[in-house]
Amino acid sequence: MKQRVSALLREKFGREVVLEKPRDRSFGHFATPIAFSMAKELRESPMKIAEELASSFNESDFFSSVDSVKGYLNFRLSENFLSDYAAWALDNPDDFAKQEKNERILLEFVSANPTGPLHIGHARGAVYGDTLYRLARHLGYDITAEYYVNDAGNQIDLLGLSIQLYGRENILKESVEYPESYYRGDYLAPLAKNAVEKFGKEILSDDSRQKELALWAKDGVMEIIKNDLADTKVFFDTFVYESSLYADWDRVMAKMGEGVYEKEGKLFIASSQKGDDSDRVVVREDGRPTYLAGDIVYHNQKFERGYDHYINIWGADHHGYIARVKAAVEFLGYESSKLEVQLSQMVSLLKDGEPYKMSKRAGNVILMSDIVEEIGSDALRFIFASKKSDTALEFDISEFKKQDSSNPIFYIQYAHARIKTILSKSDLSEDEIMSATLKNLDDNADMLMFDALLLPEIIEDAFSSRQVQKLPEYLKSLAASLHKFYYDCRIIGTEDEAKLLKLLMVVGLSLRTGLSLMGITAKDYMTKEED
RNA sequence: GCGCUCUUAGCUCAGCUGGAUAGAGCAAUGCCCUUCUAAGGCAUCGGUCACACGUUCGAAUCGUGUAGGGCGCACCA
């Protein structure tokens with residue numbers, strides 16, 4: 001809708017036109033301050049220019065009116081256009097707001113180490129990534145969701161050690177001395193138990209078998225992680241294991257050419273040539289690769305698979321890492337501008353105004369699964385999708401357990417349920433409703449329909465700006481419009497019943513489509529949960 | 001010290017391709033059920049958009065600087 005207006009005006013005026021929402025709804029559907037920018041060149045007052053521009057529009061199928069107010073041009077779309085569009089959407093609900101983008105995108109997110117269950121910080125990246133993924137799919141991008149599994153490196157040895165320690169204390173009943181860093185948490189119990197069954201008790205006490213133990217255990221941990229993700233409806237198309245990439249090591253290093261060099265027995269990447277602060281070690285003196293080494297081979301593999309664009313979602317504490325990975329991509333001979341890194345910031349949780357207690361049994365972290373259990377997947381997804389991912393966020397989970405309008409997810413669901421309820425109470429048949437015409441609506445109804453039809457451009461905007469929160473913001477305001485309309489306007493039993501029900505169906509379609517893009521299923525009726 | 005980032009109502013956050021009176025929820029104070037779920041609606045209260053300077057017809061939005069917070073600055077992942 002907006003694209004069409006924008007294209008039309010661009011053609012008419014021969015320049016890009018900034019379109020915005022009018023300050024006051026009575027001004028119309030769209031507005032532009034174009035007269036202000038033209039004023040300087042034309043040496044005329046903005047008001048006069050706006051008036052001339054406005055009068056240059058004829059009555060058309062597209063605009064019912066174009067007015068100038070204080071230098072702004074305000075456009076009102078014709079009801080023919082709006083009603084045709086709404087009717088088309090209802091006839092093709094699965095195609096509503098869809099597009100066919102011709103671009104292949106690789107989206108990598110979560111990629112938490114396979115050493116334990118996901119915690120609340122991972123959850124934010126997971127929700128952000130999955131929402132982007134759903135938006136992109138809806139827009140017709142060929143997008144792949146990928147999880148990079150760091151199953152090589154120290155953290156894997158540490159996993160082996162941690163299982164041993166747990167097993168020795170809890171199965172062998174030894175008294176063990178814990179080192180400074182190790183993993184802890186209840187998830188180790190079944191791993192230790194199963195390890196003993198599979199390998200025998202000896203494996204718990206043999207330092208040389210830590211890696212063997214860990215490489216076996218990591219699959220079990222990945223299952224835990226996949227379950228955590230599935231509980232919030234986050235799914236991946238592909239999993240790439242770091243350990244599988246090193247077979248390509250020599251070839252990739254050759255490809256790096258002069259991007260890598262040896263010094264003091266170590267291998268460095270000359271990333272400082274590409275804007276990084278200093279060169280980085282890739283392989284240590286003892287031959288063990290660093291974390292960066294894995295990312296070099298991984299990104300080489302990504303680019304060899306030939307996508308048009310790459311999006312990585314990383315925890316914000318990795319931001320210093322962007323420069324070196326981009327440097328590697330450049331040395332490998334690819335355009336680093338194709339690699340986009342989105343950061344996901346820290347989350348702090350409150351409960352009833354107090355800091356949320358980390359659980360000892362979970363290993364002093366806040367487990368994603370605990371929060372999902374407490375407030376549900378829908379609320380969790382809604383919260384994380386509602387806030388800009390790259391700013392720190394603090395929220396109180398008790399707010400999202402309430403069953404009233406203060407809880408935005410509830411508020412939106414209730415709007416959808418209200419629509420369904422009215423539809424079910426009407427005596428009109430679906431044919432009678434669908435054959436009604438959406439014309440001669442009063443201002444309130446017209447605006448409600450217009451709001452509902454804005455979904456396509458919200459989706460487009462939310463994805464292309466990577467600002468996922470625009471979708472829940474929109475849904476909240478659409479729900480508010482619906483609740484207000486519901487209060488103001490009696491529907492059943494009026495002569496406009498069929499028309500208004502059809503209007504509500506359009507609103508319902510937008511709410512439902514928007515929610516599903518957030519991984520939330522719209523409810524058809526609300527049931528009150530007792531505490 | 002260097003780099004990135006943030007600072008908007010008492011609280012949690014939107015708004016940022018520069019544009020018409022800076023928005024929402026919570027909190028506070030009122031009002032509206034013989035009406036399709038009041039699980040809702042309406043209203044009031046509340047802001048030097050951290051501060052300063054600059055660019056501009058116009059700045060919460062862009063630039064520079066200052067202050068304060070967060071993160072990073074590993075041969076850890």
Side-chain angles (χ1 to χ4, degrees), chain A residues 16 18-20 22-24 27 31-37 39-40 45-46 69-72 74 111-113 115 150 152-156 158 181 242 264-268 276-278 280-286 288-295 315-323 343 345-346 350 353 383 386-388 390-396 399 402-408 410-411 413-415 417-419 421-426 461 465 467 469-470 472-473 476-477 479-480 482-494 497 500-501 504 525-529:
Chain A
E16 273 308 315
V18 177
L19 273 186
E20 54 193 36
R23 173 102 227 117
D24 185 331
F27 287 152
T32 175
I34 188 173
F36 290 95
S37 51
K40 201 170 183 183
S45 84
V69 180
K70 289 200 273 183
Y72 290 83
N74 295 323
S111 297
N113 290 338
T115 53
N150 286 108
N154 287 347
Q155 78 281 3
I156 279 294
L158 211 53
S181 62
E242 181 184 6
E264 298 161 359
K266 305 169 222 173
L267 191 68
F268 284 79
D276 194 8
D277 294 338
S278 64
R280 310 289 171 176
V281 173
V282 177
V283 181
R284 303 174 181 92
E285 225 167 336
D286 60 9
R288 284 154 54 234
T290 63
Y291 183 72
L292 180 59
D295 255 325
D317 53 343
H318 286 58
H319 72 77
Y321 206 75
I322 298 172
L343 298 176
Q345 270 283 7
M346 307 258 306
L350 301 175
I383 295 161
S386 298
K387 313 294 176 191
K388 267 193 302 211
D390 62 348
T391 56
L393 164 71
E394 175 180 277
F395 75 91
D396 193 321
E399 277 181 39
K402 292 189 200 154
Q403 305 273 313
D404 61 40
S405 62
S406 68
N407 177 351
F410 183 87
Y411 185 74
Q413 290 285 22
Y414 183 39
R418 272 188 149 169
I419 292 170
T421 306
I422 298 181
L423 284 167
S424 71
K425 294 213 167 167
S426 169
D461 188 26
S465 65
Q467 306 274 295
Q469 78 279 4
K470 292 182 184 205
E473 284 293 320
K476 261 193 285 186
S477 81
L482 184 279
H483 285 305
K484 181 166 169 48
F485 187 78
Y486 176 94
Y487 181 83
D488 289 341
C489 181
R490 177 83 195 174
I491 294 168
I492 289 181
T494 65
E497 181 171 338
L500 295 176
L501 288 174
L504 291 195
Y525 58 92
M526 306 301 281
T527 46
K528 189 141 193 166
E529 288 169 26

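Proteins come first, then strands; the chains are lettered A, B, ... in the order of their sequence lines, and each starts at number 1.
- Considering only the side chain of A/Glu473, B/A14 comes nearest among B/A14, B/C36, B/U17.
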Checklist entry - Where do A/Asn154 and A/Tyr291 land on the side-chain contact (heavy atoms from CB on, under 4.5 Å) test, with the steps shown first? => result CA-CA 9 Å; A/Asn154 287 347; A/Tyr291 183 72; over 6 Å; no
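- Note on A/Asp390 versus A/Lys388: no salt bridge recorded, every NZ/NE/NH1/NH2 to OD/OE distance being 4.0 Å or above.
- B/C57 and B/U64: their C1' atoms are spaced 23 Å apart (whole Å).
- B/C33 takes the syn form, because its glycosidic angle lies no more than 90° either side of 0.
- For A/Glu394, taking side-chain heavy atoms from C-beta onward, the closest of the listed nucleotides B/A39, B/G15, B/U12 is B/U12.
- When the P atom is used for both B/A20 and B/C53, the distance is 23 Å, rounded to whole Å.
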Please tabulate the protein-to-nucleotide N/O contacts below 3.5 Å involving nucleotides 40-46 of chain B, giving atom names and distances.
{"from": "B/G40", "atom 1": "OP1", "to": "A/Ser405", "atom 2": "N", "distance (Å)": "2.3"}
{"from": "B/G40", "atom 1": "OP1", "to": "A/Ser405", "atom 2": "OG", "distance (Å)": "3.0"}
{"from": "B/G40", "atom 1": "O2'", "to": "A/Arg418", "atom 2": "NH1", "distance (Å)": "2.8"}
{"from": "B/G41", "atom 1": "OP1", "to": "A/Tyr411", "atom 2": "OH", "distance (Å)": "2.4"}

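- Residue side chain A/Phe27 meets the stacking definition with respect to B/A20: its ring centre sits within less than 5.5 angstrom of the base's six-membered ring centre, and the planes differ by less than 30 degrees.
- Ionic pairing of A/Glu473 and A/Lys470 is not present here: no N-O contact between side-chain nitrogen and carboxylate oxygen is shorter than 4.0 angstrom.
- A donor N or O paired with an acceptor N or O is found under 3.5 Å between the base of B/G3 and the side-chain atoms of A/His319.
- No hydrogens or angles were tested; on distance alone, nothing pairs the side chain of A/Asp317 with the base of B/A77 as donor and acceptor under 3.5 Å.
- Among the protein residues, A/Phe395 comes within range of no part of the nucleic acid, since none of its heavy atoms lies under 4.0 Å from any strand.
- For A/Thr391 and B/U7, the shortest distance from a side-chain N or O to OP1 or OP2 is not below 4.0 Å.
- A close approach under 4.0 Å does not occur between any side-chain nitrogen or oxygen of A/Gln467 and OP1 or OP2 of B/A14.
- With the 3.5 Å cutoff on both pairing distances, Watson-Crick and G-U pairs in RNA chain B assemble into runs of at least 3 at B:1-7 with B:67-73, B:10-13 with B:23-26, B:28-32 with B:40-44, B:50-54 with B:62-66.
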